[in-house]
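To keep things clear, I will list the structure first and then write my remarks on it.
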Amino acid sequence: MQTIDFELDREYVELKQLLKLTDLVSSGGEAKMIIGEGHVTVDGEVELRKACKIRAGQQVVLGEVQIRVLAAAE
């Protein structure tokens, strides 16, 4: 499984934005479709909310790619 470390520079990022920022999807529409079809998990649970707030410490998985959301170094 490929792992991407994503440094979060604010309180949270919406799930659909995270998928775009990590280049796992090419558009917001594609992100919404993938999330809506149940292909994304957050901390091991299927997440269907496109604007779900993802915070530092959480893990998002899409297919064989895991995104570890890290707090940005101060």
Side-chain angles (χ1 to χ4, degrees):
M1 177 174 281
Q2 177 187 357
T3 300
I4 298 172
D5 288 337
F6 179 81
E7 279 199 17
L8 188 62
D9 60 356
R10 50 190 168 255
E11 183 183 348
Y12 66 88
V13 63
E14 290 184 356
L15 181 55
K16 63 183 181 218
Q17 291 176 324
L18 178 64
L19 296 180
K20 282 177 52 180
L21 291 170
T22 54
D23 293 325
L24 295 180
V25 297
S26 58
S27 69
E30 184 181 356
K32 289 178 184 180
M33 184 179 73
I34 288 172
I35 296 165
E37 291 175 353
H39 297 294
V40 179
T41 62
V42 176
D43 294 335
E45 300 290 327
V46 173
E47 182 56 71
L48 299 173
R49 297 172 295 160
K50 292 132 184 99
C52 170
K53 295 177 180 175
I54 304 298
R55 303 177 193 281
Q58 291 189 289
Q59 293 187 14
V60 176
V61 175
L62 171 59
E64 290 297 313
V65 180
Q66 173 185 20
I67 306 167
R68 294 189 308 179
V69 181
L70 309 173
E74 295 279 329

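Remember, predicted model here, so these are calculated numbers, not experimental data. Note that these values count all heavy atoms, side chains included, but never hydrogens, waters or copies made by symmetry.
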For this session: Can you sort out the partners of Glu64 under side chain to side chain contact (heavy atoms under 4.5 Å, CB included), two or more places apart, ordered by chain and number?
Result: Met1

Looking only at heavy atoms, what is the nearest atom pair of [X] and [Y], with distance?
X	Y	answer
Val25	Ala31	CG2-CB, 3.8 Å
Ala56	Ala71	CB-N, 3.6 Å
Leu48	Ile35	CD2-O, 3.4 Å

Problem set entry | Separation between CZ of Phe6 and CG of Leu21, rounded to the nearest 0.5 Å | 4.5 Å

Problem set entry | Verdict with supporting geometry, Ile34 and Leu24, side chain to side chain contact (heavy atoms under 4.5 Å, CB included) | CA-CA 10 Å; Ile34 288 172; Leu24 295 180; over 6 Å; no

Excluding sequence neighbours, so at least two apart, what forms side chain to side chain donor-acceptor pair (under 3.5 Å) with [X]?
X	value
Glu11	Arg55
Asp9	none
Glu30	Ser26

Seminar exercise, completed: So salt bridge (Lys or Arg N to Asp or Glu O under 4.0 Å) across residues 14-24, not counting sequence neighbours, yields Glu14-Lys16

Problem set entry | Of all pairs that satisfy salt bridge (Lys or Arg N to Asp or Glu O under 4.0 Å), the ones with a partner from residues 37-48, not counting sequence neighbours | Glu47-Arg49

Exercise. Under a 4.5 Å side-chain heavy-atom rule over Ile, Leu, Val, Met, Phe, Trp and Tyr, are Met33 and Leu15 clustered together?
Worked result: no

Exercise. Under a 4.5 Å side-chain heavy-atom rule over Ile, Leu, Val, Met, Phe, Trp and Tyr, are Val61 and Val42 clustered together?
Worked result: no

Seminar exercise, completed: Partner of Leu19 under side chain to side chain contact (heavy atoms under 4.5 Å, CB included), picked from Ile67, Val13, Ile54, is Ile67

Exercise. Above 12 or not: heavy atoms from other molecules or residues under 6.0 Å from OH of Tyr12?
Worked result: no

